[in-house]
Amino acid sequence: MNHLKYDGGTGNLKNWLIQESSFDSRFLGKCEAIFAQGNGYMGVRNALEESYPGEVRNTFVAGTFNKASAEEVTELPNVPDMTGMTILIGGHVFNLMQGELSAYTRTMNLKNGETVREVRWKSPGGVYTAAVFKRIVSLADEHIIAAALDLMVDKDVQIVIETGIDGTVTNSGAQHFKDLKRRVYDGRDMQYLSRTTESDVWVAQHAACSLNLQADILPVMERRTLKNRYTFMAKAGQNIHFEKISAIHTSRDLEYEDAKTEGIEEKLMADGLKSLRESNSKGYQGLKEASALQWEKYWRESGITIDGDTDFEQLAVRFSLYHLNIMAKQDDNRIGIGAKALTGEGYKGHSFWDTELFILPYFTFTRPGAAKSLLEYRYKNLVGARRKAKENGYEGAMYPWECAWVDDGEVTPLYKGADVVTGKVKKVLTGLIEHHISADIAYAVWQYYLMTGDRDFMETCGYEMILDTALFWASRVQYRKETGRYEILDVIGPDEYKEHVDNNAYTNYMANYNMHLALFIMENLLDDNTELSKRLDHKLNLSYIKEKIDSCIDRLYLPGPDKDGIIPQTDEYLHLTKIDITKYKNSEEAKIIYKDFNAEQINGFMVSKQADTVMLMFLFPDLFDEETRRKNFTFYEDKTLHDSSLSKCIHSIMANDLGLTEMAYDFYKRSLMIDLGPQMKSSNEGIHSAAIGGIWESTVMGFGGVRLKGEYLHIAPKLPKKWKKLIFPLCLKGCQLKITAAHQELVVENMGQQESSCVLNGELVSIEPGAVKRIEL
């Protein structure tokens, strides 16, 4: 049975609503994650108000990283919960696993960010209850969570509602907070202050409730909790309206960046209490309306329209845009995007290469201010990147595989899980030998520059990042006398099923690109700015970097097609053992191959986890001719299990490029289902943020045909048969463009204030401000 319903919206809510149509305590995690709410500052997992075994009740505040113990890596701590609520009706706990449930619907409204749950339930005591739970995380005030409950019972009965701030929550058992301070003001306003155990981040939380009936209110302070208990008599048929407004502030907040450490907790408590009282005076409806206005602005600027028999695709693209908007703290360059965003504990809130190559393009191509902030975060990461390079015997900047707070450095765990064959704890090699992230970041920096023309960013951050990562590669390559060339040995490429490989094609080409880009910058862009050249030379020693790159760049091995036209993914790949992977490839569950084999065995099989050589062809569409790209796409896709959520979107784009239209559309639909699909445990650890970005990429860069080639933006759409039109926004060098792609025509409207030049279906055109350009396809 499919518990999710996608066609519940009608009228102006058509293709805006995702609904959970039934309650099943086995599948709590799915909707907790995909219905998660946030604003970039905080993310609140959508756990139900009442408690159930197996629930994961998460609230994360971006940037508040902490180590729970010395042997663990830093992670985003789960702050005390403010969403939980205990309700007793006639002495019986409101819980859907007891009594009789006659109706249940929970709705995520992507248009305004509100979730609404409607329940009809008969208690074990025979009281029929109608309940409507509503919740928002404000997009207008990043500190505020608001909830409302409407109750009605069919008998006169005593009701108890108890809710507050619950510090018993953990990160899967790890407790991150100490120094608890709790207080209630005026019998209503609850205050809870705590501090992370290692990073010394103070978190101030405030909550206040209101009820439309007279009630006895009793503060309840138990171990690590602070709650208020409301006890009252309800009459049959009477509407009971209860609201709870909550506020979160931390010492990591941008507004306190320069504040003195001494006395910061007092300031947090005062500011938090003021914020709570101001928000509480507006009530749930007022806060919802203010937040909805911000959502309306966002959709007006960023919405994508798919016209045709495409209801689910339209909903899924909106789902992607919704999560892209709440996963990034767009004005804070100290904070990246986690692999599960702010929706779950998976990957501990760490940033990977996922950000630069799967998520950042959305921001680079549509919201450049946010893209700049995310790249400045990587600039601040240079401290840890340089430290990692030095610790590993290299020069320059070697970016950590996993990044957390700006100066934490490498935070990849050393061990994880058990080997299915030996039973021993497995070492995590990605942090040690998956090095391509340094070039991925350089690629993203240059892509940002080409789209924005932001010389100021390049001069303050971008050039330095590209030059220092290039120096890393020049120190990382190894000269082999037997081959007479420089090679990159002992790495992991994007295909993480292949460990300790030599000359991963993706890694070698990306390193080559990074170093050539550095030479281009030094030879063409720095000479006309003597002051900048001097500053960078003083900091990096430009002549030394150039000498290091020149010594190896012309002899760096770049794997080319063999006699059959296949580019070897690695030196070893084409000699590996072939096995029948049908069982694993057709499974809806990822990574089931690990149930039969361990990592060492998989390393010896001709099987891939995700796009690797295919990823290379996506990033550099003109690197190989079409016949070579087609041969390699077919060869590698046949051996790819798509066990990474990063894989299907790239294969959709590449298939579309190659005219494999049905395959492209099939991969596209499968990529939409990674979080939204019927697999009810697929998102338990949080949504797949890179796959969310991949939906935008495969929609706009795939079917919309948007690519950066050379110095120009190219647009050459190839829509699926079912689509009539695709309408989407782009921002090119400060100009807002509205793109309307159909099967026979491409229309670009320049809504900016200056002329814009781009290549439309192969034709270089200039579009005046306010003008519309039409191209026949």
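Computation of the quantities below employed the complete heavy-atom set of this structure, encompassing side-chain atoms and omitting hydrogens, waters and symmetry-equivalent molecules.
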**Residues Asp407, Lys380: salt bridge by 4.0 Å N-O rule** = no

**Complete:** For Ser608 and Tyr497, the nearest pair of non-hydrogen atoms, with its separation, is C-CD1, 3.8 Å

**Message:** Assess the residue pair Asp440 and Trp353 against the criterion (side-chain hydrogen bond (donor to acceptor under 3.5 Å, both in side chains)); give the C-alpha distance rounded to whole Å, side-chain angles, the decisive distance to 0.1 Å, and a yes or no.
**Reply:** CA-CA 7 Å; Asp440 301 331; Trp353 73 304; 5.7 Å; no

**Asked** Would you find more than 12 non-hydrogen atoms of other residues, nucleotides or ligands less than 6.0 Å from Gln175 atom CD?
**Response** yes

**Prompt:** Between atom CD of Glu72 and atom CD of Glu198, what is the distance when rounded to the nearest 0.5 Å?
**Reply:** 11.0 Å

**Asked** Hey, does the side chain of Asn381 reach the backbone of Val406 with a donor-acceptor pair shorter than 3.5 angstrom?
**Response** yes

**Message:** Are more than 12 heavy atoms, taken from residues, nucleotides or ligands other than Glu71, located less than 6.0 Å from that residue's CD atom?
**Reply:** yes

**Considering all heavy atoms, the nearest Ala691-Ile674 contact** = CB-CD1, 3.8 Å

**Request:** Show your reasoning for whether side-chain hydrogen bond (donor to acceptor under 3.5 Å, both in side chains) applies to Asn508 and Asn503.
**Result:** CA-CA 6 Å; Asn508 285 31; Asn503 295 312; 3.0 Å; yes

**Request:** Decide yes or no for Glu356 and Arg378: does some side-chain heavy atom of the first lie under 4.5 Å from some side-chain heavy atom of the second?
**Result:** yes

**Prompt:** If we only count heavy atoms from C-beta on, is the Lys546 to Glu523 side-chain gap below 4.5 Å?
**Reply:** yes

**For the student: nearest non-hydrogen atoms of Pro494 and Glu434, plus distance** = CA-OE2, 4.0 Å

**Complete:** Which of Asn78, Val79, Leu342, Thr343 passes side-chain contact (heavy atoms from CB on, under 4.5 Å) with Asn58? Answer is Asn78

**Message:** One thing to verify: whether Glu75 and Lys340 come together as a salt bridge, which I'm taking to mean a side-chain N less than 4.0 angstrom from a carboxylate O.
**Reply:** no

**Item:** Side chains of Met515 and Cys552 in contact at under 4.5 Å (non-hydrogen atoms)
**Value:** yes

**Item:** Minimum side-chain heavy-atom gap Leu254-Arg334 below 4.5 Å
**Value:** yes

**Asked** How about Lys372 and Phe363: do any of their side-chain heavy atoms sit closer than 4.5 Å?
**Response** no

**Asked** Do Phe352 and Phe358 have ring centroids that are under 6.0 Å from one another?
**Response** no

**Message:** Checking Asp675 against His323 for the side-chain contact (heavy atoms from CB on, under 4.5 Å) test, could you report, in this order, the C-alpha distance in whole Å, the side-chain angles of both residues, the deciding distance, and whether it holds?
**Reply:** CA-CA 11 Å; Asp675 285 305; His323 276 285; over 6 Å; no

**Asked** Taking side chain as C-beta onward, heavy atoms only, is Met465 less than 4.5 Å from Tyr399?
**Response** yes

**Backbone N/O of Tyr486 and side chain of Arg555: donor-acceptor pair under 3.5 Å** = no

**Request:** Give a yes or no answer on whether the side chain of Asp468 reaches the backbone of Glu464 with a donor-acceptor pair at less than 3.5 Å.
**Result:** no

**Complete:** Closest heavy-atom pair, His500 versus Asp490, reported as atoms and distance to 0.1 Å, is ND1-OD1, 2.6 Å

**Asked** Does a side-chain N-to-carboxylate-O contact under 4.0 Å join Arg535 and Glu459?
**Response** no

**Prompt:** Counting N and O atoms only, with roles assigned by atom type, does the side chain of Ser438 sit under 3.5 Å from a partner on the main chain of Met398, one being a donor and the other an acceptor?
**Reply:** no

**Request:** Please say which of Tyr573, Tyr584, Phe597 ends up in a ring-ring contact (aromatic ring centres under 6.0 Å, His included) with Phe605.
**Result:** Phe597

**Asked** For the rings on Trp473 and His436, is their centre-to-centre separation under 6.0 Å?
**Response** no

**Request:** Could you point out which residue of Phe624, Tyr557, Tyr443 forms a ring-ring contact (aromatic ring centres under 6.0 Å, His included) with Tyr509?
**Result:** Phe624

**Fill in**
Value for CD1 (Ile488) from CG (Asp571), rounded to nearest 0.5 Å, stands at 11.0 Å

**Request:** Could you tell me whether the side chain of His516 and the main chain of Asn512 form a donor-acceptor pair under 3.5 Å?
**Result:** no

**Request:** Test Asn684 against Ser682 for side-chain hydrogen bond (donor to acceptor under 3.5 Å, both in side chains), laying out the working first.
**Result:** CA-CA 6 Å; Asn684 281 5; Ser682 65; over 6 Å; no

**Worked check of side-chain contact (heavy atoms from CB on, under 4.5 Å) between Thr469 and Ile441** = CA-CA 9 Å; Thr469 49; Ile441 291 170; 5.8 Å; no

**Message:** Under 6.0 Å from the ring centre and within 45 degrees of the ring axis: does the NZ or CZ of Lys481 meet both conditions for the six-membered ring of Tyr479?
**Reply:** no

**Request:** Run the salt-bridge test on Glu572 and Lys498 with the 4.0 Å N-O cut-off and return the result as yes or no.
**Result:** no

**Request:** Quick one: do Asp454 and Tyr448 satisfy side-chain hydrogen bond (donor to acceptor under 3.5 Å, both in side chains)? Show the steps, please.
**Result:** CA-CA 8 Å; Asp454 187 349; Tyr448 169 79; 2.6 Å; yes

**Prompt:** Hey, is the main chain of Phe65 close enough, under 3.5 Å, to the side chain of Thr196 for a donor-acceptor pair?
**Reply:** no

**Asked** Looking at side-chain heavy atoms only, is the closest gap between Thr64 and Trp405 below 4.5 Å?
**Response** no

**Item:** Check ion pair Lys548-Glu395 (N to O, under 4.0 angstrom)
**Value:** yes

**side-chain contact (heavy atoms from CB on, under 4.5 Å) assessment of Val445 paired with Tyr379** = CA-CA 10 Å; Val445 167; Tyr379 179 73; over 6 Å; no

**Complete:** Gly40 and Ala62 have their tightest heavy-atom pair at O-CB, 3.5 Å

**Message:** Rounded to the nearest 0.5 Å, what separates atom CZ in Phe457 from atom OG1 in Thr452?
**Reply:** 8.5 Å

**Message:** Taking Ile466's backbone N and O only, do any of them form a donor-acceptor pair with Asn514's side chain (distance below 3.5 Å, no angle check)?
**Reply:** yes

**Message:** Any side-chain to backbone donor/acceptor pair from Asn632 onto Gly565? Under 3.5 Å, distance only.
**Reply:** yes

**Message:** Does atom NZ (Lys427) have a neighbourhood of more than 12 heavy atoms from anything else shown, all under 6.0 Å?
**Reply:** no

**Asked** How many angstroms lie between OG in Ser689 and CD1 in Ile359, if you round to the nearest 0.5 Å?
**Response** 3.5 Å

**Request:** Apply side-chain contact (heavy atoms from CB on, under 4.5 Å) to Tyr506 and Met617, showing your working.
**Result:** CA-CA 9 Å; Tyr506 176 90; Met617 296 189 296; over 6 Å; no

**Asked** Can you tell me how far the SG atom of Cys461 sits from the CG atom of Asp456, to the nearest 0.5 Å?
**Response** 8.0 Å

**Request:** Look at the side chain of Thr74 and the backbone N and O of Asn66, then say whether any donor-acceptor pair between them is shorter than 3.5 Å.
**Result:** yes

**Message:** Quick one about Asp332 and Tyr41 (side-chain donor to acceptor, distance below 3.5 Å, no hydrogens or angles considered), yes or no?
**Reply:** no

**Prompt:** Is the closest side-chain heavy-atom distance between Glu496 and Leu429 below 4.5 Å?
**Reply:** no

**Fill in**
To the nearest 0.5 Å, atom CZ of Phe60 lies from atom CG of Asn171 at 5.5 Å

**Asked** Within the side chain of Asp643, is there an N or O that forms a donor-acceptor pair under 3.5 Å with the backbone of Ala590?
**Response** no

**Message:** I need the minimum non-hydrogen distance between Ser647 and Ala611, along with the two atoms involved.
**Reply:** OG-N, 3.3 Å

